[in-house]
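First the structure, in the form of structure tokens, and then the observations on it.
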Amino acid sequence: MRLFILPILVCSCFALAPHAQDVPAPPAGFKFDFGTGKAVPGWTKVTPDTSYSDERGYGFEPGSMPSGIDRGGDPLTGDFITGSTPFSFSVKVSEGNWLVRIMLGDASGESLTTIKSETRRLMLERLATKAGEFKVATFVCNVRNSRMTPPLPANAPGGSEVRLTNLDPNRLNWDDKLTIEFLNDRHCICAIEIIKADNLPTVFLAGDSTVTDQPREPGASWGQMLPAFFKPDIAVANYAASGQTLKSFITDLRLDKLLSQMKPGDWLVLQFGHNDEKRNWPQTYVEPFKTHKAYLRAIIAEARLRGATPVLITPMERRGGIEGNTHGEFPASIMETAREENVPVIDLWSMSKKLYAAMGKQVSEAFADPTHHRNYGAYELAKCVVQGIKDNRLPLADHIVDDFGKFDPAHPDPFASFRVPASAGRMGTGGSAAPKSPTRQ
């Protein structure tokens, strides 16, 4: 699963020769040698005290407390940086897709690493190495900023920047950096190589807080778990945001920004409904089977115009709707639109009801509040979405990791076996896992 087991002498092997045919000559690239030992020629040395600054353009984020170990021997794998708590490393990059390869391992001990990127996007889970074993973890990270590209010509209507709100408390998704977070008890990072990979297809996600990259523990969404289920030949760009509706996604210029990055062969996955259905939000409410369908059709048309494939997803049920329906006619409106527009649809509403019912008492571990989810619930919902991609026999399924197998919502993974570690920072320490009011989704 995105791993390449290499011998100890890997200085030349870690360069991009095995995958050079997959990625064209990049406009930018970075090679970082981690540790306190001798630097590898041509690589930038990173020691535990290399803190990030805009002037330097790379380094560890505030709050990171890594340490270095030097075993000697091979300059690339003989030394590494580790830590007993999560830490984050950032690199200033241009927006777009970036292929990341990370050398993991220790010549004299075991290692275990989970990797997240940007705002807690799960990229790779529990990568283990034995003493003397080294592996290269590979994933694709999408980076963006809030500026509109290209700039508008004189007198053109619109705006120059996405309208970020107070529900965008963590701006890691909107800065000019690629941020990587390392978790588990003993992660041993020997080196990182990053190259531009804009030729790879992108899955764009549009939705509300149940899809967005939630900034703080213990909240999470299926959208930020989704990257872990794809091979490193495709990127996931999560444009979903808390409080969003079909209308506000357009008026806040989030759709414009997304479309400015879209190219033929990409995908647009839409899951709205939690907020669109609120009559007490008069500026963004849409009528099911009427204006609701009209806005969906407009976004579908914009994606198709750019050569991308749209996919609709019905909103997952709330905890209080396990035996009922809190979304009224909106799931049916989405299903009908999909049929009329010949668009693939994943019925997450029906799948989530089966999932919650099958969880039984452990369903409490899936929810952060009546609407939003914890890591466990988000992870299981992401598996529902991946299974929905497979059930629809979409070409997108070719990018799913080989070991996914088949997931049945009626037989969820037991909570006792859930092993995704929590990120640094929790609710109440500078951000919120989910909007405080259950009405803001």
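We count residues from 1, following the sequence as given.
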Open item on the list: Would E161 and L253 count as a side-chain contact (heavy atoms from CB on, under 4.5 Å) here? Give the steps.
Closed with: CA-CA 7 Å; E161 194 162 347; L253 301 185; over 6 Å; no
Task: K247, NZ: over 12 other non-hydrogen atoms inside 6.0 angstrom - done: yes
Task: Note, D266 side chain near V203 side chain (heavy atom, < 4.5 Å) - done: no
- [ ] State yes or no: are the ring centers of F367 and Y356 separated by less than 6.0 Å?
- [x] yes
Open item on the list: So that I can tick it off, tell me whether K257 and E95 are bridged by a salt bridge, with the cut-off set at under 4.0 angstrom between side-chain N and carboxylate O.
Closed with: yes
TODO: Indicate yes or no for a side-chain donor-acceptor contact from K135 to the backbone of A128 under 3.5 Å, with no hydrogens or angles considered.
DONE: yes
Task: Identified side-chain contact (heavy atoms from CB on, under 4.5 Å) counterpart of R120 within the set L172, N375, D213 - done: N375
TODO: Starting from the C-alpha separation in whole Å, work towards a yes-or-no answer on side-chain contact (heavy atoms from CB on, under 4.5 Å) for V401 and F230.
DONE: CA-CA 5 Å; V401 292; F230 284 106; 5.6 Å; no
TODO: For salt bridge (charged side-chain N to carboxylate O under 4.0 Å, His left out), just list the numbers for K231 and D233, CA-CA rounded to whole Å, side-chain angles, deciding distance to a tenth of an Å, and then say yes or no.
DONE: CA-CA 5 Å; K231 300 173 183 176; D233 57 7; 5.4 Å; no
Task: V100, L178, I194, I195 screened by side-chain contact (heavy atoms from CB on, under 4.5 Å) with F30, the one that passes - done: I194
Task: Side-chain heavy-atom pair E125, V420 within 4.5 angstrom cut-off - done: yes
Open item on the list: When you compare the side chains of S209 and T212, does any donor N or O come within less than 3.5 Å of an acceptor on the partner?
Closed with: no
Open item on the list: Assess the residue pair M359 and E380 against the criterion (side-chain contact (heavy atoms from CB on, under 4.5 Å)); give the C-alpha distance rounded to whole Å, side-chain angles, the decisive distance to 0.1 Å, and a yes or no.
Closed with: CA-CA 10 Å; M359 284 180 173; E380 298 299 288; 3.9 Å; yes
- [ ] Could you label the plane-to-plane angle of the F32 and F34 rings as parallel, tilted or perpendicular, counting under 30° as parallel and over 60° as perpendicular?
- [x] perpendicular
TODO: Assess whether ring-ring contact (aromatic ring centres under 6.0 Å, His included) is satisfied between Y52 and Y58, documenting all intermediate values.
DONE: CA-CA 5 Å; Y52 182 85; Y58 63 90; 8.2 Å; no
TODO: Please answer whether the main-chain N or O of R144 pairs with a side-chain N or O of R147 as donor and acceptor at a distance below 3.5 Å.
DONE: no
Open item on the list: Ring centroids only, cut at 6.0 angstrom: are F182 and F89 within range, meaning strictly under it?
Closed with: no
TODO: Mind listing the closest non-hydrogen atom pair of L127 and A137 along with its distance?
DONE: CD1-CB, 3.4 Å
Open item on the list: When you compare the side chain of I189 with that of M103, does any pair of heavy atoms fall below 4.5 Å?
Closed with: no
- [ ] Would you name the heavy atoms of A206 and A240 that are closest together and state the gap between them?
- [x] C-CB, 4.2 Å
- [ ] Show your working on side-chain contact (heavy atoms from CB on, under 4.5 Å) between F415 and S417 and close with a plain yes or no.
- [x] CA-CA 5 Å; F415 176 70; S417 66; over 6 Å; no
Open item on the list: Closer than 3.5 angstrom, by distance alone: can the side chain of S350 be matched with the main-chain N or O of D347 as a donor-acceptor pair?
Closed with: no
TODO: Considering non-hydrogen atoms only, spot the tightest contact between T114 and N184 and give its length.
DONE: OG1-OD1, 2.6 Å
Task: Non-hydrogen atoms of G159 and M148 that approach each other most closely - done: O-CG, 3.5 Å
Task: 4.5 Å side-chain heavy-atom contact, S248 and R163 - done: no
TODO: Could you check T314, V343, I313 and say which one makes a side-chain contact (heavy atoms from CB on, under 4.5 Å) with I334?
DONE: T314
Open item on the list: Just verifying a value: how many Å separate L355 CG and C384 SG, rounded to the nearest 0.5 Å?
Closed with: 5.0 Å
Task: Approximate separation, where rounding is to 0.5 Å, of R101 CZ and K31 NZ - done: 10.5 Å
- [ ] Flag the pair Y379 / H373 as yes when their ring centroid distance falls below 6.0 Å, and as no otherwise.
- [x] no
Open item on the list: Less than 4.5 Å apart, side chain to side chain, heavy atoms only: is that true for R304 and P310?
Closed with: yes
Open item on the list: Heavy-atom count check: over 12 atoms from other residues, nucleotides or ligands less than 6.0 Å from K263 NZ?
Closed with: yes
Task: Donor + acceptor pair across side chains of N142, R121 (<3.5 Å) - done: no
TODO: Please lay out, stage by stage, how S94 and K196 fare under the test side-chain hydrogen bond (donor to acceptor under 3.5 Å, both in side chains).
DONE: CA-CA 9 Å; S94 59; K196 201 71 181 293; 3.2 Å; yes
Task: Donor-acceptor under 3.5 Å (D198 side chain, N97 main chain) - done: yes
- [ ] Before giving the answer on salt bridge (charged side-chain N to carboxylate O under 4.0 Å, His left out), spell out for D106 and R186 the whole-Å C-alpha distance, their side-chain angles and the decisive distance to 0.1 Å.
- [x] CA-CA 10 Å; D106 176 8; R186 193 170 191 273; 2.9 Å; yes
Task: Test item: side-chain donor near acceptor, Q271 and W222, under 3.5 Å - done: yes
Open item on the list: Is it the case that the side chains of E181 and S88 hold a donor-acceptor pair, with the cut-off being a distance below 3.5 Å and no angle test?
Closed with: no
Task: Non-hydrogen side-chain atoms of L205 and V236 separated by less than 4.5 Å - done: yes
Open item on the list: As an exercise, state the distance from CG of D408 to NE2 of H411, rounded to the nearest 0.5 Å.
Closed with: 5.5 Å
Task: Residue pair Q214 / S242, side-chain heavy-atom distance below 4.5 Å - done: yes
Open item on the list: If I compare all heavy atoms of Q244 with all of G207, which pair ends up nearest, and what's the gap?
Closed with: CB-O, 3.6 Å
- [ ] May I ask you to decide whether K45 forms a salt bridge with D79, counting only side-chain N to carboxylate O separations under 4.0 Å?
- [x] yes
Open item on the list: Among T119, N238, T179, exactly one meets side chain to side chain donor-acceptor pair (under 3.5 Å) together with N173. Which residue is that?
Closed with: T119
Open item on the list: Looking at L348, is its backbone amide N or carbonyl O close enough to the side chain of S352 to form a donor-acceptor pair, meaning the two atoms are under 3.5 Å apart?
Closed with: yes
Open item on the list: What I'd like to find out is whether the side chain of F60 reaches to under 4.5 Å of the side chain of S51, using heavy atoms alone.
Closed with: no
Open item on the list: With rounding to the nearest 0.5 angstrom, report the CD to CD1 distance, Q387 to I346.
Closed with: 10.0 Å
Task: Nearest heavy atoms of F407 and P409, plus distance in Å - done: O-CD, 3.7 Å
Task: Rounded distance [0.5 Å steps], OG in S260 versus CZ in R306 - done: 9.0 Å
Task: All pairs passing salt bridge (Lys or Arg N to Asp or Glu O under 4.0 Å) where residues 107-117 contributes a residue, at least two apart - done: K116-E217
Open item on the list: Under 6.0 Å between ring centres: does that hold for F249 and Y239?
Closed with: no
Task: Atom pair CG/OG1 of D208 and T371 - distance to nearest 0.5 Å - done: 9.5 Å
Open item on the list: Salt bridge check, D176 against K92: does any charged N sit closer than 4.0 Å to a carboxylate O?
Closed with: no
